[in-house]
Amino acid sequence: QVQLVESGGRLVQAGGSLRVSCAVSGLTFSTYAMGWFRQTPGKEREFVASISWNGGSTGYADSVKGRFTIARNNAANLVHLQMNSLKPEDTAVYYCAVGYTSVPYNRPNDAKYWGQGTQVTVSS
């Protein structure tokens, strides 16, 4: 059974920082790329960041580049998203996802497994 469990979402003021995390089990974590996506009601799921199997390559949406950092700890089966300089428009449910391959990806259809999401709310 593959499980992805996000944690760390909460209410934070604009300009603040937050780290959300994803714990993965049920697969060989270190062989897969990982990604973070976010979604608000009525909108499509949006790419945020991705990271290769060994952390050697990363990719970011233009809207978060320079503010967010994705990282992984393969020994602990964890992937993190560090969010700095948060804006109200960052408010969303943040989802962790496993890619089909070891290569970073940026499309929801390229995700093989999804977590349940964690709510991040940024106040004005």
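Not measured: the values here are computed from a predicted model.
Tyr60 and Phe37 are members of different hydrophobic clusters when ILVMFWY side chains are connected at heavy-atom separations under 4.5 Å. Tyr95 and Val64 are members of different hydrophobic clusters when ILVMFWY side chains are connected at heavy-atom separations under 4.5 Å. Note on Val93: it does not cluster hydrophobically with Val120, by side-chain heavy-atom contacts below 4.5 Å among ILVMFWY residues.
Taking CD of Glu89 as the reference point, atom OG1 of Thr40 lies at 11.5 Å (rounded to 0.5 Å). Separating the NZ atom in Lys112 from the CG atom in Leu27 is a distance of 7.5 Å, to the nearest 0.5 Å. Atom OG of Ser123 and atom CD of Gln13 lie 5.0 Å apart (nearest 0.5 Å). To the nearest 0.5 Å, atoms CZ (Arg19) and CD (Gln82) are separated by 7.0 Å. Here OG1 of Thr28 is found 12.5 Å from CH2 of Trp53. Values are rounded to the nearest 0.5 Å. Rounded to the nearest 0.5 Å, atoms OG (Ser30) and CG (Asn77) are 7.5 Å apart.
Within a 6.0 Å radius of CD in Glu44, other residues, nucleotides and ligands contribute 12 heavy atoms or fewer.
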Next item on the list: For the pair Thr91 and Gln119, evaluate side chain to side chain contact (heavy atoms under 4.5 Å, CB included) and give the outcome as yes or no after the intermediate values.
Entry: CA-CA 8 Å; Thr91 296; Gln119 177 71 48; 4.0 Å; yes

Next item on the list: Decide yes or no on side chain to side chain contact (heavy atoms under 4.5 Å, CB included) for Cys96 and Val79, but give the supporting numbers first.
Entry: CA-CA 8 Å; Cys96 176; Val79 60; 3.6 Å; yes

Next item on the list: Please report the C-alpha distance between Glu46 and Ser63 in whole Å, then the side-chain angles of each, then the deciding distance to 0.1 Å, and finally whether the side chain to side chain contact (heavy atoms under 4.5 Å, CB included) criterion is met.
Entry: CA-CA 10 Å; Glu46 176 189 21; Ser63 59; 3.9 Å; yes

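The shortest distance between side-chain heavy atoms of Ile70 and His80 does not fall below 4.5 Å.
Taking the six-membered ring for Trp, Trp36 and Phe47 have ring centres at least 6.0 Å apart.
Cation-pi geometry between Arg72 and Phe29 is met: the NZ or CZ atom falls under 6.0 Å from the ring centre, inside 45° of the normal. Judged by a 6.0 Å distance limit and a 45° cone about the ring axis, Arg45 is positioned over the six-membered ring of Trp114.
Side-chain heavy-atom separations under 4.5 angstrom define the hydrophobic clusters, and Leu11 shares its cluster with no other residue.
The two residues Phe68 and Val48 have their closest heavy-atom pair at CD2-CG1, 3.7 Å. Shortest non-hydrogen contact noted between Arg38 and Ala92 is CB-CB, 3.7 Å. Minimum heavy-atom separation, Met34 to Val24: CE-CG2, 3.9 Å. The shortest heavy-atom contact between Tyr105 and Val98 is OH-C, 3.4 Å. When all heavy atoms of Ala33 and Val103 are compared, the pair lying nearest together is CB-O, 3.2 Å. Of all heavy-atom pairs spanning Ala49 and Leu81, the tightest one is CB-CD1, 4.1 Å.
A salt bridge does not link Asp90 to Lys87: none of the charged side-chain nitrogens sits closer than 4.0 Å to a carboxylate oxygen.
Looking at Gln1, its side chain never comes within 3.5 Å of a backbone N or O of Gly26 through a donor-acceptor pair. Between the side chain of Ser17 and the main chain of Asn84, no donor-acceptor pair closer than 3.5 Å is present. Not one N or O on the side chain of Ser50 forms a donor-acceptor pair closer than 3.5 Å with the backbone of Pro104.
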